[in-house]
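Structure in C-alpha cells, see below.
Both counts, for ligands and for their atoms, begin at 1 and track the order of listing. Note that these values count all heavy atoms, side chains included, but never hydrogens, waters or copies made by symmetry.
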Amino acid sequence: MTEIRELLLSRIRDVADYPEPGVMFKDITPLLADPAAFTALTDALAEIAGNAGATKIVGLEARGFILGAPVAVRAGVGFIPVRKAGKLPGATLSQAYDLEYGSAEIEVHAEDLTGGDRVLVIDDVLATGGTAEASIQLIRRAGAEVAGLAVLMELGFLGGRARLEPALDGAPLESLLTV
Ligand SMILES: O=P(O)(O)OC[C@H]1O[C@H](OP(=O)(O)OP(=O)(O)O)[C@H](O)[C@@H]1O
Ligand SMILES: Nc1ncnc2[nH]cnc12
C-alpha cells in the first residue's frame, strides 16, 4: 500500500453497529480534520478527474459534497450537487434507490448537466452501489456522459462494483481504498 493510502486508511474510524445493528460505519470525520490527509485525498481525486477528462464533478449528498467540491476547484471544473429529494429549488430529475441501511431518492437540477459534459461522480463510500447507480442514471437522463466514479473507500464485500458494471458501461470505477 502506498504512503498516501496508509495515511488515508489511518484517518478513517470504524464505528460498529451504526446507524443500525450489523453495519460497520466508516467515519471520515478524522480524515477531514487532518489537513495533510484531506489535501492528499483532494489531490488524488483531482488527478483522477484530470485523467478521466472530466468537465464536471457531481458530488453526492452529503459526504460527496465535502470531498467533491475541493476536487472541482483543484481540477478547475464545475461542481454539481446531487441532493436528497426536496432540497433543490429548480426543475429537477429524480431517481429512487436503496442503500446499505434504507432507501432514498436523489435529485439534480436538470439544467446543470448538458450533452457536452463528461461527469466524474465523487463520493466517500461505495457500499451496495445503490446511490452511485442512481446518480449515474440521473447523469445519463440529463444527456451527459459519465466519465467515471471515484470514491475514497469501497466496501468490497457488499458487491457494489459488480452491481455498477452495467450502469458504468465501461467508464472507470476508481476506489483509493478497498476493504
Ligand atoms: O453504496 P450505497 O449502499 O448506496 O451507500 C453509499 C452511500 O451511503 C452514504 O450516504 P448516506 O445516504 O448515508 O448519506 P450522507 O452522506 O448524507 O450521510 C455514503 O456517503 C454513500 O453516498
Ligand atoms: N458502512 C458504511 N459506512 C459509511 N458510509 C456508508 N454508506 C453505506 N454504508 C456505509
Side-chain angles (χ1 to χ4, degrees), residues 5 8-34 37-38 41-42 44-45 48-49 54 56-72 79-88 92-109 112-113 119-141 146-169 171-179:
R5 285 186 164 86
L8 297 176
L9 188 60
S10 73
R11 298 295 187 273
I12 296 170
R13 173 167 50 202
D14 282 356
V15 183
D17 299 320
Y18 181 88
E20 57 186 45
V23 175
M24 181 60 77
F25 190 82
K26 301 293 181 181
D27 176 23
I28 64 164
T29 59
L31 191 161
L32 302 175
D34 178 342
F38 197 4
L41 173 59
T42 301
L45 292 173
I48 290 169
K56 296 263 173 74
I57 300 294
V58 152
L60 306 181
E61 185 172 358
R63 286 169 264 155
F65 291 177
I66 303 170
L67 304 195
V71 171
F79 177 79
I80 310 299
V82 162
R83 299 215 59 177
K84 304 277 165 60
K87 298 286 188 179
L88 290 169
T92 57
L93 297 171
S94 303
Q95 192 76 42
Y97 65 102
D98 293 320
L99 72 171
E100 192 184 2
Y101 38 73
S103 62
E105 190 174 352
I106 51 174
E107 294 182 339
V108 68
H109 269 151
D112 280 353
L113 296 172
V119 182
L120 179 70
V121 178
I122 289 187
D123 208 351
D124 63 334
V125 172
L126 175 67
T128 65
T131 311
E133 184 180 46
S135 72
I136 290 166
Q137 286 163 344
L138 276 184
I139 291 163
R140 293 250 167 75
R141 283 171 54 205
V146 177
L149 167 67
V151 298
L152 166 60
M153 174 168 277
E154 174 180 353
L155 307 183
F157 58 94
L158 288 173
R161 182 174 285 271
R163 172 183 180 161
L164 285 174
E165 217 167 83
L168 279 167
D169 194 26
L173 163 53
E174 306 269 10
S175 54
L176 299 177
L177 303 169
T178 302
V179 295

Exercise. Nearest to atom 6 (C) of ligand 2, what protein heavy atom do you find, and at what distance?
Worked result: Y101 OH, 3.5 Å
Problem set entry | Pairwise side-chain contact, I28 with L41, heavy-atom cut-off 4.5 Å (strictly under) | no
Exercise. Could you give the distance from NZ (K26) to CG (D124), rounded to the nearest 0.5 Å?
Worked result: 12.0 Å
Seminar exercise, completed: Among non-hydrogen protein atoms, atom 5 (N) of ligand 2 lies closest to R63 NH1, 3.0 Å
Seminar exercise, completed: closest protein heavy atom to atom 3 (N) of ligand 2 is K26 N, 2.9 Å
Exercise. Judged by atom type as modelled, is there a donor-acceptor pair below 3.5 Å linking the side chain of Q95 to the main-chain atoms of A134?
Worked result: no
For this session: Would you mind checking which non-hydrogen protein atom is closest to atom 10 (C) of ligand 2, with the distance to 0.1 Å?
Result: E100 OE1, 3.3 Å
Exercise. For the side chain of R163 and the backbone of L158, is there at least one donor-acceptor N/O pair under 3.5 Å apart?
Worked result: no
For this session: Record the part of M24 in heavy-atom contact with ligand 2 below 4.0 Å; permitted values are side chain, backbone, both and neither.
Result: backbone
For this session: Please determine which of L32, I57, L60 meets the side-chain contact (heavy atoms from CB on, under 4.5 Å) test together with L67.
Result: L32
Problem set entry | Between CD1 on residue I136 and CG on residue D169, distance to nearest 0.5 Å | 10.0 Å
Exercise. Would you say the side-chain atoms of D27 pair up with the backbone N or O of D14, donor to acceptor, closer than 3.5 Å?
Worked result: no
Exercise. Do you know the tightest heavy-atom contact between F79 and A69?
Worked result: CE1-N, 3.5 Å
List below, pair by pair, the N or O atoms of ligand 1 and of the protein that are less than 3.5 Å apart, including the distance to 0.1 Å; reply 'none' if no pair qualifies.
{"from": "ligand 1", "atom 1": "1 (O)", "to": "A127", "atom 2": "N", "distance (Å)": "2.9"}
{"from": "ligand 1", "atom 1": "1 (O)", "to": "T128", "atom 2": "N", "distance (Å)": "3.1"}
{"from": "ligand 1", "atom 1": "1 (O)", "to": "G129", "atom 2": "N", "distance (Å)": "2.8"}
{"from": "ligand 1", "atom 1": "3 (O)", "to": "E100", "atom 2": "N", "distance (Å)": "3.2"}
{"from": "ligand 1", "atom 1": "3 (O)", "to": "T128", "atom 2": "N", "distance (Å)": "2.9"}
{"from": "ligand 1", "atom 1": "3 (O)", "to": "T128", "atom 2": "OG1", "distance (Å)": "2.5"}
{"from": "ligand 1", "atom 1": "4 (O)", "to": "G130", "atom 2": "N", "distance (Å)": "3.4"}
{"from": "ligand 1", "atom 1": "4 (O)", "to": "T131", "atom 2": "N", "distance (Å)": "2.8"}
{"from": "ligand 1", "atom 1": "4 (O)", "to": "T131", "atom 2": "OG1", "distance (Å)": "2.5"}
{"from": "ligand 1", "atom 1": "12 (O)", "to": "K84", "atom 2": "NZ", "distance (Å)": "3.4"}
{"from": "ligand 1", "atom 1": "13 (O)", "to": "R63", "atom 2": "NH2", "distance (Å)": "3.2"}
{"from": "ligand 1", "atom 1": "13 (O)", "to": "Y101", "atom 2": "OH", "distance (Å)": "2.7"}
{"from": "ligand 1", "atom 1": "14 (O)", "to": "K84", "atom 2": "NZ", "distance (Å)": "3.1"}
{"from": "ligand 1", "atom 1": "16 (O)", "to": "A62", "atom 2": "N", "distance (Å)": "2.9"}
{"from": "ligand 1", "atom 1": "16 (O)", "to": "R63", "atom 2": "N", "distance (Å)": "3.1"}
{"from": "ligand 1", "atom 1": "16 (O)", "to": "R63", "atom 2": "NE", "distance (Å)": "3.3"}
{"from": "ligand 1", "atom 1": "17 (O)", "to": "A62", "atom 2": "N", "distance (Å)": "3.1"}
{"from": "ligand 1", "atom 1": "17 (O)", "to": "K84", "atom 2": "NZ", "distance (Å)": "3.3"}
{"from": "ligand 1", "atom 1": "18 (O)", "to": "R63", "atom 2": "NE", "distance (Å)": "3.1"}
{"from": "ligand 1", "atom 1": "18 (O)", "to": "R63", "atom 2": "NH2", "distance (Å)": "2.9"}
{"from": "ligand 1", "atom 1": "20 (O)", "to": "D124", "atom 2": "OD1", "distance (Å)": "2.6"}
{"from": "ligand 1", "atom 1": "22 (O)", "to": "D123", "atom 2": "OD2", "distance (Å)": "2.5"}

For this session: Report the part of L155 in contact with ligand 2, treating N, CA, C, O as backbone and CB onward as side chain, heavy atoms under 4.0 Å; options are side chain, backbone, both, neither.
Result: side chain
Exercise answer: donor-acceptor pairs, residues 171-179 side-chain atoms, under 3.5 Å, sequence neighbours excluded:
{"from": "S175", "atom 1": "OG", "to": "E154", "atom 2": "OE1", "distance (Å)": "2.6"}
{"from": "S175", "atom 1": "OG", "to": "T178", "atom 2": "OG1", "distance (Å)": "3.4"}

Problem set entry | Numbering as shown, the atoms of ligand 2 that approach A127 to under 4.0 Å (heavy-atom distance) | 8 (C), 9 (N)
